[in-house]
Amino acid sequence: MKTDKLFYRIFLSQPELISELLPDIPPDCEFEYSAPVVKETEVRLDGLLTPKSDDLSLPLVFFEAQMQSDADFYGRFFAGIFLYLKQYKANRPWQGLLILNCRSQDLGAEVPYRLELEAQVQRLYLEDLLPLSNLSPNLAILRLLILPDLEVGIAARSILENPPTDAEFRRRLDLVEAILVNKFPQLSFEEVRQMLDLKEVNFSETRFYQDVLQKGLEQGLEQGLEQGLQRGEADLVVRQLQRRCGVLGVDRQELIRSLPIAQLELLGEALLDFTNMADLEIWLASRDSLP
């Protein structure tokens with residue numbers, strides 16, 4: 001689930017990555033991201049990208065990132081797709097996009113799904129990116145996930161070099177930081193700064209500074225890191241809620257930002273099924289029963 005959230009964040013921040021991985025999709029195609037439950041067997045699809053355009057030739061994209069071996073993976077993936085198509089009476093074509101760790105992963109028998117895998121599913125093996133150079137920034141960001149630890153710093157700094165705009169720099173920095181936290185959960189503030197060479201940028205404007213350093217200076221680095229992570233999770237949840245449910249009032253934003261990390265993570269999963277503000281209110285009313 002931790003990796004699923006990371007890829008959700010990557011695709012939310014860099015939507016053009018979809019057209020890089022699926023060449024038939026135009027770069028300006030916008031999607032809504034969800035993780036629907038298929039009711040018959042309570043199969044949750046990790047990611048569904050639905051085109052916002054009324055052009056019915058644009059496909060639904062069933063997306064999953066699978067980093068570990070799982071002998072039931074292909075069966076579960078295709079069962080979820082076809083149950084979804086039946087249950088929701090889909091009227092678009094579909095494509096699958098799988099981001100996988102390496103070709104040696106055991107994901108179950110391919111023979112029953114050979115036609116679908118060859119014609120409708122794009123598989124990106126992250127290990128195939130390792131020997132490549134001149135990657136696009138989006139693919140270079142994905143490559144960070146499996147680079148050897150000693151090579152991550154150089155690669156991360158390269159991604160942050162010469163962005164076309166300040167906004168693009170901030171987006172890349174946000175994703176690189178998220179990957180480093182995921183890849184090196186024990187990194188200290190100084191180690192992250194040294195790895196990214198952040199002394200060469202306006203450090204006070206980075207999300208890392210705002211979420212971690214400021215609290216660390218006020219209450220000590222260890223406590224600041226914990227509070228910064230809670231704030232970062234809250235910011236992400238608030239942004240996702242406003243995409244799905246509409247603009248949140250100040251009181252609701254303050255309430256959500258006050259939730260502990262455990263409840264923010266639960267809300268981050270639950271909101272993928274929300275369709276309006278009433279769903280959020282129901283969830284908030286039941287939060288006292290949550291861990």
Side-chain angles (χ1 to χ4, degrees), residues 1-39 42-66 77-99 120-122 124 138 141-142 167-168 171 174-175 178 233-248 252-253 256 264-284:
M1 185 60 68
K2 187 175 182 182
T3 303
D4 294 343
K5 288 183 179 179
L6 181 58
F7 279 103
Y8 175 88
R9 187 168 177 173
I10 290 172
F11 280 103
L12 193 67
S13 298
Q14 307 288 89
E16 68 275 10
L17 176 58
I18 295 295
S19 64
E20 287 190 42
L21 300 178
L22 298 174
D24 292 337
I25 293 179
D28 59 352
C29 181
E30 296 185 358
F31 290 91
E32 293 182 353
Y33 192 111
S34 61
V37 172
V38 179
K39 294 179 180 179
E42 290 297 313
V43 175
R44 178 173 292 278
L45 303 174
D46 278 1
L48 172 62
L49 298 166
T50 304
K52 294 181 180 180
S53 170
D54 293 331
D55 182 356
L56 295 180
S57 68
L58 293 172
L60 300 169
V61 178
F62 294 92
F63 160 74
E64 289 205 28
Q66 181 67 27
F77 177 66
F78 286 108
I81 289 174
F82 288 110
L83 284 172
Y84 176 90
L85 296 176
K86 171 181 177 293
Q87 180 176 312
Y88 290 93
K89 297 179 172 57
N91 59 353
R92 292 180 180 272
W94 67 270
Q95 286 188 259
L97 174 58
L98 299 178
I99 296 183
Q120 292 188 260
V121 177
Q122 176 69 35
L124 172 67
N138 286 326
I141 287 171
L142 293 184
E168 176 62 19
R171 282 194 294 270
D174 180 50
L175 294 176
E233 184 79 15
D235 286 346
L236 181 61
V237 168
V238 168
R239 291 200 301 271
Q240 294 173 6
L241 282 170
Q242 294 195 125
R243 283 174 176 267
R244 299 196 66 80
C245 303
V247 177
L248 300 176
R252 281 290 168 261
Q253 290 196 36
I256 291 166
L264 286 170
E265 290 179 344
L266 291 173
L267 178 55
E269 297 174 13
L271 67 84
L272 297 175
D273 296 324
F274 291 177
T275 58
N276 52 50
M277 198 67 70
D279 293 330
L280 172 61
E281 295 299 329
I282 292 171
W283 190 94
L284 290 173

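FYI, side chains are in, hydrogens and waters are out, and symmetry mates aren't considered; it's all heavy atoms of this structure.
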Between the main-chain N or O of W94 and the side-chain N or O of Q120, is there a donor-acceptor pair closer than 3.5 Å?
-> yes
Is the backbone of L248 close enough, under 3.5 Å, to the side chain of Q242 for a donor and an acceptor to pair up by distance?
->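 Side chain of Q242 to backbone of L248, a donor-acceptor pair under 3.5 Å: yes, one is there.
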Can you tell me how far the [atom1] atom of [X] sits from the [atom2] atom of [Y], to the nearest 0.5 Å?
X: Q240; Y: L267; atom1: CD; atom2: CG; value: 8.5 Å
X: R92; Y: L85; atom1: CZ; atom2: CG; value: 12.5 Å
X: I10; Y: I141; atom1: CD1; atom2: CD1; value: 7.0 Å
X: Y84; Y: L48; atom1: OH; atom2: CG; value: 4.5 Å
X: Q87; Y: K89; atom1: CD; atom2: NZ; value: 8.5 Å
X: I18; Y: I25; atom1: CD1; atom2: CD1; value: 6.5 Å

Who passes ring-ring contact (aromatic ring centres under 6.0 Å, His included) against F274, sequence neighbours left out?
-> none
Set of residues satisfying ring-ring contact (aromatic ring centres under 6.0 Å, His included) with respect to F11, sequence neighbours excluded |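 With neighbours one apart ignored, the set is F63.
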Run the side-chain contact (heavy atoms from CB on, under 4.5 Å) check on L124 and L98 step by step: do they pass?
-> CA-CA 6 Å; L124 172 67; L98 299 178; over 6 Å; no
Over all atoms of both residues, closest heavy-atom pair of [X] and [Y]:
X: V247; Y: M277; result: O-CE, 3.6 Å
X: L264; Y: V237; result: O-CG2, 3.7 Å
X: A90; Y: L60; result: CB-CD1, 3.9 Å
X: F31; Y: K52; result: O-CE, 3.4 Å
X: Q122; Y: L22; result: CB-CD2, 3.4 Å
X: C29; Y: L58; result: SG-CD1, 3.8 Å

Show the numbers, then the answer: is there a side-chain contact (heavy atoms from CB on, under 4.5 Å) between L266 and W283?
-> CA-CA 10 Å; L266 291 173; W283 190 94; 4.2 Å; yes
Partners meeting side chain to side chain donor-acceptor pair (under 3.5 Å) with [X] (sequence neighbours left out):
X: D55; result: S57
X: E20; result: S136, N138
X: D279; result: T275
X: E168; result: Q14, R171, R172

Do the side chains of D46 and F77 get nearer than 4.5 Å, heavy atoms only?
-> no
Would you call L142 and I99 a side-chain contact if the rule is heavy atoms closer than 4.5 Å?
-> yes
Output, in order, the C-alpha distance, side-chain angles, deciding distance and verdict of side-chain contact (heavy atoms from CB on, under 4.5 Å) for S13 and L175.
-> CA-CA 8 Å; S13 298; L175 294 176; 3.9 Å; yes
Walk me through it: do E281 and R252 pass the test side-chain contact (heavy atoms from CB on, under 4.5 Å)?
-> CA-CA 9 Å; E281 295 299 329; R252 281 290 168 261; 2.9 Å; yes
